[in-house]
Trainee: 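Dropping the structure in here first, questions after.
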Amino acid sequence: MNERAAGERAVRAAGGPVRDRFAIGASVRTVHHDPPHHTRLPRYARGKHGTIVEPEGRAPLADINAQGRGDAPVEQVYAVSFAARELWGDGDHRVVLDLFESYLEDDPQ
């Protein structure tokens, strides 16, 4: 069984399927925050515009999990594509990052 299937099964067991917040192709912007604790949102990707490639499955939020707490919410993780130029100011390629849902917000552009 793959990780995504296992995560979806756990979500259903906890109360049913949960609808993804972002659709494939949706424009998103990462939150721009600097928490005093561990985060899986790289500094170079904060406040940047990207596009949802696909949902990757649900996982406990690493920011809370890394603190050794047992109350990490389970969130959808998305593959998000960014223009290299958006992240670093240079480059003609794209970069895909796996990011937790709480790191993302709608970007109406």
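Here the structure is a predicted model, which is why all the values come from computation and not from measurement.
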Trainee: Looking only at non-hydrogen atoms, find the nearest pair between Val77 and Ala59 and report the distance.
Mentor: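 Scanning both residues, the minimum pair turns out to be CG2-CB, 4.2 Å.
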
Trainee: Give a yes or no on whether the backbone of Tyr78 and the side-chain of Glu56 come within a donor-acceptor separation of less than 3.5 Å.
Mentor: no

Trainee: Find the distance between NE2 (His38) and CG (Asn65) and round it off to the nearest 0.5 Å.
Mentor: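 Reported value, rounded in 0.5 Å steps: 9.0 Å.
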
Trainee: Does atom CG (Asp92) have a neighbourhood of more than 12 heavy atoms from anything else shown, all under 6.0 Å?
Mentor: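 Not buried by this count: 12 neighbours or fewer within 6.0 Å.
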
Trainee: Between Val80 and Phe22, does a side chain to side chain contact (heavy atoms under 4.5 Å, CB included) hold up when you go through it step by step?
Mentor: CA-CA 11 Å; Val80 183; Phe22 300 106; over 6 Å; no

Trainee: Looking at every non-hydrogen atom in both residues, tell me the closest pair between Pro73 and Ile64 and how far apart they are.
Mentor: CD-CG1, 4.1 Å

Trainee: Minimum heavy-atom separation for Leu87 and Ala45, please, with both atom names.
Mentor: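 Closest approach of Leu87 to Ala45: CD2-CA, 4.0 Å.
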
Trainee: Run the side chain to side chain contact (heavy atoms under 4.5 Å, CB included) check on Leu61 and Tyr103 step by step: do they pass?
Mentor: CA-CA 10 Å; Leu61 180 61; Tyr103 300 164; 4.1 Å; yes

Trainee: May I have all residue pairs that pass salt bridge (charged side-chain N to carboxylate O under 4.0 Å, His left out) and include part of residues 28-50, sequence neighbours excluded?
Mentor: Arg29-Glu105, Asp34-Arg43, Asp34-Arg46

Trainee: Work out which heavy atom in Val31 is nearest to a heavy atom in Leu104; give both atom names and the distance.
Mentor: CG1-N, 4.5 Å

Trainee: Could you give me the CA-CA distance, side-chain angles and deciding distance for Val95 and Glu86, then say whether side chain to side chain contact (heavy atoms under 4.5 Å, CB included) is met?
Mentor: CA-CA 10 Å; Val95 176; Glu86 171 75 9; over 6 Å; no

Trainee: State which residues pass side chain to side chain donor-acceptor pair (under 3.5 Å) with Ser81; sequence neighbours excluded, sorted by chain then number.
Mentor: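 Ser81 satisfies side chain to side chain donor-acceptor pair (under 3.5 Å) with Arg94 only.
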
Trainee: Does any N or O in the side chain of Gln76 come within less than 3.5 Å of the main-chain N or O of Asp20, such that one atom is a donor and the other an acceptor?
Mentor: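 No: the side chain of Gln76 does not pair with the backbone of Asp20.
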
Trainee: What pair of heavy atoms forms the shortest contact from Ala72 to Pro60, and how long is it?
Mentor: CB-CB, 4.1 Å

Trainee: Does Val96 belong to the same Ile/Leu/Val/Met/Phe/Trp/Tyr cluster as Leu99, with side-chain heavy atoms less than 4.5 Å apart forming each link?
Mentor: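 Per the 4.5 Å side-chain linkage, Val96 and Leu99 are not co-clustered.
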
Trainee: Given the rule that I, L, V, M, F, W and Y join up when any side-chain heavy atoms are under 4.5 Å apart, are Tyr44 and Leu41 in one cluster?
Mentor: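 The answer is yes; both residues are in one hydrophobic cluster.
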
Trainee: Would you mind listing every salt bridge (charged side-chain N to carboxylate O under 4.0 Å, His left out) that reaches into residues 72-81, with sequence neighbours excluded?
Mentor: none

